[in-house]
Structures are given as C-alpha cells and as structure tokens.
Amino acid sequence: MSSFFNSLFEKKFEPATVKLPQVDQYGQSNIKGIYLIGEIAGKPLLKNAINMGYDIIEKLYPELKDNTEKKIFDVLIVGAGAAGISASLRAKQRGLNYINIEQGKIANLITTFTKGKTLFAEPMDDELKGDLWLDETTKEDILDRWSNFISAEKLNIRTKE
C-alpha cells in the first residue's frame, strides 16, 4: 500500500502553459484589422483590459473617422468584458458606428467568480483611462455598477449573440 501512496507523490505537477495568440504592440493579429485585447490577449487584469479597450479605439479612430466606405459598422467588438465595454464606450464617445456582441452575459467571466469575491484595481501605478468605473470592490458591486452604466450610456451591446 505504501508504494501506491509514494507513486502519487513521485509526479511533478507543472502549471499548464497557455498559448496566446500572436499580436503586435497594438493587439493586431496576423489578420489585418483583427485586434485581440483583454483576457484573450493575455492581459487579465481589469485595469489593463479597460485601458486596452480605450487605447484600441483611440488607435483606430483616425483611420475610421473619415472613412466614407459604405458599411454597416465601423467597429465590431466581440465580448462584453472590461475591454469590450471600455472599447464600446470609447467608440460611442468618438461617434463611431459600433456594435458589441457577447455570447453570454455582460462581464461573463466575472459572473462566475465566487460570491463576494474582492476585485482589485491593479496595477496601482497605472492610470485608468476612460469613464468606465473601477475600484477595489466585490463581484456583485462591479456587475451592478457596470450594468447600470451600460444602460445609462445606452451602449450598443447585445448579449447571447
């Protein structure tokens, strides 16, 4: 019996390696016009994601503002997490014709966190860009604040898409 238990502890467990998509310094993938930001780009901190959403619209705005090509939308945003909400807000503020589609709920990943989980506004040294609220808070508080904010701003976010 002891050899069985010893064999359990002979294994060395190593953390899983996550393969991230390759993107340039702006988040553009190898497909021109496709940008990956936030969690999918390996930037899981909420403040980083919010800032990336703001920054990508700022980067694209000069190219899109004068585009007279006939199109349905200037920007398609996929995902309504911190990065997607932030990008949606900035696109609206810039007067871009945008849509955000989310397969689940607003801030879907955050909804799966443990009840009462504290969320932090890290990294502390980075300034928060844009108007999307973030502070040290609970899961429930951020979901409530963001939901109310999205409604008040009338952001074009479609869930369950």
Side-chain angles (χ1 to χ4, degrees), residues 18-113 117 119-161:
V18 177
K19 288 192 174 193
L20 297 173
Q22 291 192 354
V23 295
D24 68 13
Q25 71 267 27
Y26 303 107
Q28 184 166 237
S29 72
N30 61 330
I31 301 171
K32 185 177 179 350
I34 303 291
Y35 294 83
L36 303 171
I37 61 172
E39 183 84 23
I40 195 169
K43 302 287 185 181
L45 297 177
L46 293 174
K47 188 182 282 183
N48 287 343
I50 290 170
N51 288 347
M52 290 175 82
Y54 180 95
D55 288 343
I56 194 64
I57 297 301
E58 287 300 292
K59 181 201 178 307
L60 295 174
Y61 179 71
E63 176 184 334
L64 296 174
K65 70 179 172 94
D66 296 326
N67 192 344
T68 57
E69 235 179 84
K70 293 211 186 275
K71 58 192 167 295
I72 298 172
F73 295 105
D74 296 315
V75 180
L76 167 64
I77 301 163
V78 179
I85 297 168
S86 179
S88 297
L89 176 62
R90 194 62 185 152
K92 180 184 179 200
Q93 291 170 335
R94 284 296 202 170
L96 297 174
N97 189 15
Y98 74 95
I99 186 171
N100 180 316
I101 57 174
E102 164 60 52
Q103 72 175 348
K105 303 173 188 172
I106 301 292
N108 202 51
L109 180 61
I110 294 173
T111 66
T112 67
F113 292 167
K117 179 174 177 60
L119 304 175
F120 300 98
E122 299 282 335
M124 298 302 289
D125 294 340
D126 290 357
E127 181 182 334
L128 184 65
K129 298 176 183 177
D131 298 324
L132 184 60
W133 180 86
L134 179 65
D135 203 350
E136 182 176 323
T137 190
T138 63
K139 159 196 162 173
E140 292 78 13
D141 188 35
I142 202 165
L143 291 172
D144 186 51
R145 285 176 182 256
W146 284 3
S147 178
N148 291 336
F149 181 82
I150 289 165
S151 293
E153 290 293 324
K154 295 180 173 67
L155 296 181
N156 188 13
I157 299 176
R158 297 185 189 174
T159 59
K160 298 187 170 91
E161 293 281 339

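No experiment lies behind these values; they were computed from the predicted model shown. Sequence positions, counted from 1, serve as the residue numbers for this chain.
Of all the heavy atoms in Ala87 and Ile56, the pair that sits closest is CB-CG2, 4.5 Å. Residues Tyr26 and Tyr35 approach most closely at O-CD2, 3.6 Å, considering heavy atoms. Closest approach of Thr111 to Lys139, counting heavy atoms only: O-NZ, 3.0 Å. Residues Gly53 and Ser86 approach most closely at C-OG, 3.9 Å, considering heavy atoms. Tyr98 approaches Asn156 most closely through the heavy-atom pair OH-N, 2.8 Å. Of all heavy-atom pairs between Asn48 and Pro123, the closest is OD1-CD, 3.5 Å.
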* **Residues Glu58, Arg94; criterion salt bridge (Lys or Arg N to Asp or Glu O under 4.0 Å); working and verdict** => CA-CA 9 Å; Glu58 287 300 292; Arg94 284 296 202 170; 2.8 Å; yes

* **Steps toward side-chain hydrogen bond (donor to acceptor under 3.5 Å, both in side chains) verdict (Gln93, Asp131)** => CA-CA 10 Å; Gln93 291 170 335; Asp131 298 324; 2.8 Å; yes

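Rounded to the nearest 0.5 Å, atoms NZ (Lys47) and CG (Leu132) are 12.5 Å apart. A distance of 10.0 Å separates CG of Leu134 from CD of Glu122, quoted to the nearest 0.5 Å. Of the inter-residue distances, the one linking Leu46 atom CG with Ile85 atom CD1 reads 9.5 Å to the nearest 0.5 angstrom. Separating the CG atom in Leu155 from the CZ atom in Phe149 is a distance of 6.5 Å, to the nearest 0.5 Å. The distance from atom OG1 of Thr159 to atom CD of Gln103, rounded to the nearest 0.5 Å, is 11.0 Å. Separating the CG atom in Asp74 from the CG atom in Leu96 is a distance of 5.0 Å, to the nearest 0.5 Å.
One finds a salt bridge joining Arg145 and Asp141 here, because a Lys/Arg side-chain nitrogen approaches an Asp/Glu carboxylate oxygen to under 4.0 Å.
Annotation: Lys105, atom NZ; neighbour count of heavy atoms from other residues, nucleotides and ligands within 6.0 Å does not exceed 12. Within a 6.0 Å sphere centred on CG of Leu143, other residues, nucleotides and ligands contribute more than 12 heavy atoms.
The closest side-chain heavy-atom distance from Leu119 to Phe113 is below 4.5 Å.
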